[in-house]
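Reviewing the structure listed below.
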Amino acid sequence: MQTTTFPDGFLWGGAIAANQAEGGVNQGGKGLATVDTLPHGEHRLAVKTGLEKRFTLRDDEFYPSHQAIDFYHRYKEDIALMAEMGFSVFRTSIAWSRLYPQGDELTPNAEGIAFYRDLFAECKKHNIEPLVTLCHFDVPMHLVTEYGSWRNRKMVEFFTRYARSCFEAFDGLVKYWLTFNEINILLHSPFSGAGLAFEEGENKQQVKYQAAHHELLASALATKIAHEINPHNQVGCMLAGGNFYPRTCKPEDVWAALQKDRENLFFIDVQARGAYPSYTRRQFKEQGIEIQTEPGDDDILKNTVDFVSFSYYASRCASAEMNENNSSAANIVKSLNNPYIESSEWGWGIDPLGLRITMNMMYDRYQKPLFLVENGLGAKDVVNAQGEINDDYRISYLREHIKAMGEAIADGIPVMGYTSWGCIDLVSASTGEMSKRYGFIYVDRDDAGQGTLARTRKKSFYWYKKVIASNGADLD
Ligand code: BG6
């Protein structure tokens with residue numbers, strides 16, 4: 001009998017996001033969202049970061065979100081495959097523009113509500129708890145063009161109306177909620193993160209932190225509303241995680257790493273502790289940032305989350321000499337290369353011990369249960385002549401990270417569950433590629449959108465099934 005450090009009732013599963021999986025871009029009354037304007041190819045990064053404005057679609061571009069993996073029509077088949085692996089939790093997001101096509105309507109689109117009711121009911125039919133992100137890198141485009149997206153305080157009202165509709169419509173089906181996916185990505189990829197595009201000469205930091213304030217208010221209010229509607233609702237914040245290591249033990253490098261961590265943790269500091277951290281006072285002053293607030297904002301922010309969720313792909317590295325030229329972006333956040341760890345084909349580090357370090361830091365800081373809601377290896381898969389996908393590299397990555405998570409639990413950290421990223425192959429958020437695959441389930445579709453969309457179980461599918469059945473004891 002193998003022993004496990006994973007508690008009874010630990011939630012095992014996988015994660016996707018609406019815009020990377022659903023497709024059905026203009027079906028069911030859905031409106032156009034920011035993510036639907038991100039092209040595949042060389043302009044994607046400039047559009048994502050808000051440097052190049054592309055508010056309308058072009059005929060000469062390919063938009064991978066428009067069909068994605070057609071989860072919109074195939075979710076029953078996909079949920080059945082997840083149930084076959086033994087999932088007890090499935091993380092997805094609601095496309096805001098399916099419920100509020102323009103974003104500023106007063107009532108939700110009935111077809112959008114019906115779609116998600118059916119999806120969540122399907123999960124429950126298979127004893128799978130839905131874990132639902134309200135906003136995973138999407139804003140209805142109308143809110144961008146008419147209101148300037150999150151730079152405008154009106155967004156707080158639009159978002160809380162949308163959130164309330166979700167809590168009411170899916171009450172009894174969903175109890176685990178996340179407000180904003182990887183909220184700190186707003187700083188690193190402002191358009192995809194928060195619908196922000198910039199004017200020439202603007203103080204970008206001012207715009208970003210003002211938008212952050214609005215998102216933080218909206219998140220706190222949504223948390224309050226969720227609890228009022230059903231006290232059993234559990235709401236989490238969500239960080240693109242991964243600690244910064246100092247490049248050397250030179251004090252200046254250690255200080256640089258601490259500042260980099262604070263830049264990302266700022267959001268969670270507010271959401272989990274209920275107030276702006278004291279270090280922001282000096283930072284805002286030095287960067288010329290003046291947040292416009294209203295009386296009562298401090299009280300709103302006191303509505304803290306129930307748990308802290310995060311994604312972890314790799315640790316990061318910083319030094320006092322870090323700059324645009326010597327750093328590169330793995331998962332959007334700039335980092336120095338760490339010579340002590342290996343990297344994926346896309347240059348993302350592979351550092352399982354970094355996960356244990358990150359989890360310990362986060363629990364020391366917040367003392368709230370953690371939920372690892374994204375982790376995985378993006379890799380190119382090959383279908384062999386027998387039609388099999390032998391993804392041992394993925395198994396090895398996941399095994400080492402699950403072990404590290406088990407160590408963190410043994411360190412004394414309460415962890416609610418684990419949803420590996422992209423449990424079924426989907427569109428890559430950073431590159432728009434299909435060939436950057438994370439799944440246990442292969443989807444026949446290529447970077448240009450060609451393929452049958454047929455689903456095939458990979459070797460990792462059978463491996464993960466064993467992991468779940470043994471509650472994390474059998475990782476071989
Ligand atoms: C996270 C996002 O940043 O990383 C996901 O929440 C994303 O949406 C995932 O897909 C992996 O990144 P990528 O760029 O490989 O898809």
Side-chain angles (χ1 to χ4, degrees), residues 14-22 33-36 38-41 44-45 47-49 63-65 68-69 71 90-96 131-139 178-194 215 236-242 264 267-268 309-316 328-335 343-350 355 358 371-381 393-394 397-398 401 418-440 443 445 447:
I16 65 167
N19 75 83
Q20 292 169 258
E22 285 178 8
T34 45
V35 273
D36 302 321
L38 300 182
H40 176 246
R44 188 174 178 90
L45 187 63
V47 179
K48 269 167 70 73
T49 49
Y63 300 96
S65 78
I69 60 160
F71 182 76
F90 170 59
R91 175 179 176 229
T92 189
S93 66
I94 294 175
W96 185 350
L131 164 62
V132 176
T133 316
L134 291 170
C135 183
H136 192 122
F137 296 161
D138 61 341
V139 175
L178 305 179
T179 52
F180 291 92
N181 179 62
E182 295 189 335
I183 187 164
N184 51 315
I185 292 300
L186 179 161
L187 298 179
H188 310 277
S189 184
F191 184 69
S192 67
E215 284 201 1
C237 51
M238 198 311 200
L239 169 80
N264 290 302
F267 295 85
I268 311 304
S309 88
F310 64 106
S311 61
Y312 178 85
Y313 293 90
S315 56
R316 299 158 179 150
S328 61
N331 202 11
I332 307 289
V333 182
K334 289 266 170 74
S335 166
S343 294
S344 78
E345 287 174 78
W346 275 266
W348 294 26
I350 300 178
L355 172 59
T358 297
F371 204 145
L372 177 45
V373 299
E374 280 188 37
N375 170 239
L377 179 72
K380 287 205 163 82
D381 289 333
Y393 36 90
R394 182 167 295 109
Y397 176 101
L398 294 171
H401 285 79
Y418 175 80
T419 55
S420 73
W421 176 249
C423 47
I424 177 165
D425 292 346
L426 38 58
V427 174
S428 157
S430 55
T431 66
E433 294 164 304
M434 266 307 295
S435 53
K436 190 179 186 194
R437 297 174 183 276
Y438 287 86
F440 304 114
V443 177
R445 185 170 166 86
D447 291 343

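The structure presented is a predicted model; accordingly, all values stated were derived computationally and were not measured. Ligands are counted one by one from 1 in listed order, and the atoms in each one are counted from 1 as well. Numbers here are sequence positions counted from 1.
Residue Y313 approaches ligand 1 through these ligand atoms, each under 4.0 Å from one of its heavy atoms: 4 (O), 9 (C), 11 (C). Set against the non-hydrogen atoms of S428, the atoms of ligand 1 under 4.0 Å away are 13 (P), 14 (O), 15 (O), 16 (O). The contact set between ligand 1 and Y438, taken as ligand atoms under 4.0 Å from a residue heavy atom, comprises 11 (C), 12 (O), 13 (P), 15 (O). For ligand 1, the atoms lying closer than 4.0 Å to a non-hydrogen atom of A429 are 7 (C), 8 (O), 10 (O), 13 (P), 14 (O), 16 (O). For ligand 1, the atoms lying closer than 4.0 Å to a non-hydrogen atom of K436 are 13 (P), 14 (O), 15 (O).
Here W348 has side-chain heavy atoms under 4.0 Å from ligand 1, and that is the only part of it that gets that close. Residue contacts with ligand 1, taken as heavy atom pairs separated by less than 4.0 Å, do not involve L426 at all. Neither the backbone nor the side chain of W346 has a heavy atom within less than 4.0 Å of ligand 1.
Residues K436 and W348 have side chains in contact (heavy-atom distance under 4.5 Å, counting atoms from C-beta outward). Using a 4.5 Å cut-off on side-chain heavy atoms (C-beta onward), L398 and Y438 make no contact. Side-chain atoms of C423 and I16, non-hydrogen and from C-beta on, do get closer than 4.5 Å to each other.
Evaluation of the side chain to side chain donor-acceptor pair (under 3.5 Å) rule for T133 yields R91 as partners, not counting sequence neighbours. With sequence neighbours excluded, the residues satisfying ring-ring contact (aromatic ring centres under 6.0 Å, His included) with Y312 are H401.
Between the side chains of S435 and D447, a donor-acceptor pair is found at a separation under 3.5 Å.
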